[in-house]
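See structure below.
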Amino acid sequence: SCSIGPSPYVSRQQCLVQLLQDGNAMLTSTGKPATGVRARGGQWNALYTGQTHYLSDGDEVALDAQSPDSAVFTFEHLAMQGFQQQGYQQQQGGGYY
């Protein structure tokens, strides 16, 4: 069995991803501890409260910068992967998930 408990290195609202009008996505660190971000397979960089990073396809976000590989989310831009279904992108917030 797997047991995951709360971490003192992750805030309840650790970060925010915003879809901008130009179609880009911006990550903002909002937690007291740092948020980790890197290009896929690259070196982790810390974002501190209020700092931002424009997300690119394949970027990885770690909620716990102290132990970044414990909770990793990968940003995927569907339009860059050939999913040009206009109605789907509008319905799903521009094709980001």
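Values reported hereafter were calculated over all heavy atoms of this structure, with side chains retained and with hydrogens, waters and symmetry mates removed. Just so it is clear, the model here is predicted, and its values are computed rather than measured.
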Original post:
Can you list the other members of the hydrophobic cluster that holds Tyr48, where links are side-chain heavy atoms under 4.5 angstrom apart?
Top reply: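 Under the 4.5 Å side-chain rule, Tyr48 groups with nothing.
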
**OP:** Please check if the side chain of Thr28 supplies one atom and the backbone of Gly50 the other of a donor-acceptor pair under 3.5 Å.
**Re:**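 No.
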
Original post:
Hey, mind stepping through His53 and Asp59 against side chain to side chain donor-acceptor pair (under 3.5 Å) and telling me if it holds?
Top reply: CA-CA 10 Å; His53 172 82; Asp59 278 0; 3.0 Å; yes

Subject >> Val61: which of Leu47, Leu55, Thr74 passes side-chain contact (heavy atoms from CB on, under 4.5 Å) >> reply: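 It is Leu55; the other options fail the test.
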
Original post:
Which residue pairs satisfy the salt bridge (Lys or Arg N to Asp or Glu O under 4.0 Å) criterion with at least one member in residues 63-73, sequence neighbours excluded?
Top reply: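 The answer is Arg38-Asp69.
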
**OP:** Applying side-chain contact (heavy atoms from CB on, under 4.5 Å), run through Thr30 and Thr49 and close with a yes or a no.
**Re:** CA-CA 5 Å; Thr30 57; Thr49 305; 5.8 Å; no

Subject >> Minimum heavy-atom distance Val10-Leu63, with the two atoms named >> reply: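 Taking every non-hydrogen atom into account, CG2-O, 3.7 Å.
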
For a quick test of your reading: what N or O donor-acceptor pairs under 3.5 Å do the side chains of residues 11-23 make, sequence neighbours left out?
from, atom 1, to, atom 2, distance (Å)
Ser11, OG, Lys32, N, 3.0
Gln14, OE1, Ser11, N, 2.8
Gln14, NE2, Pro33, O, 2.8
Gln14, NE2, Ala34, O, 3.3
Gln14, NE2, Thr35, OG1, 2.9
Asp22, OD1, Asn24, N, 2.9
Asp22, OD1, Asn24, ND2, 3.3
Asp22, OD2, Asn24, ND2, 3.1

**OP:** Using a 4.5 Å cut-off on heavy atoms from C-beta on, say whether the side chain of Val37 contacts that of Phe75.
**Re:**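 No, side chains not in contact.
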
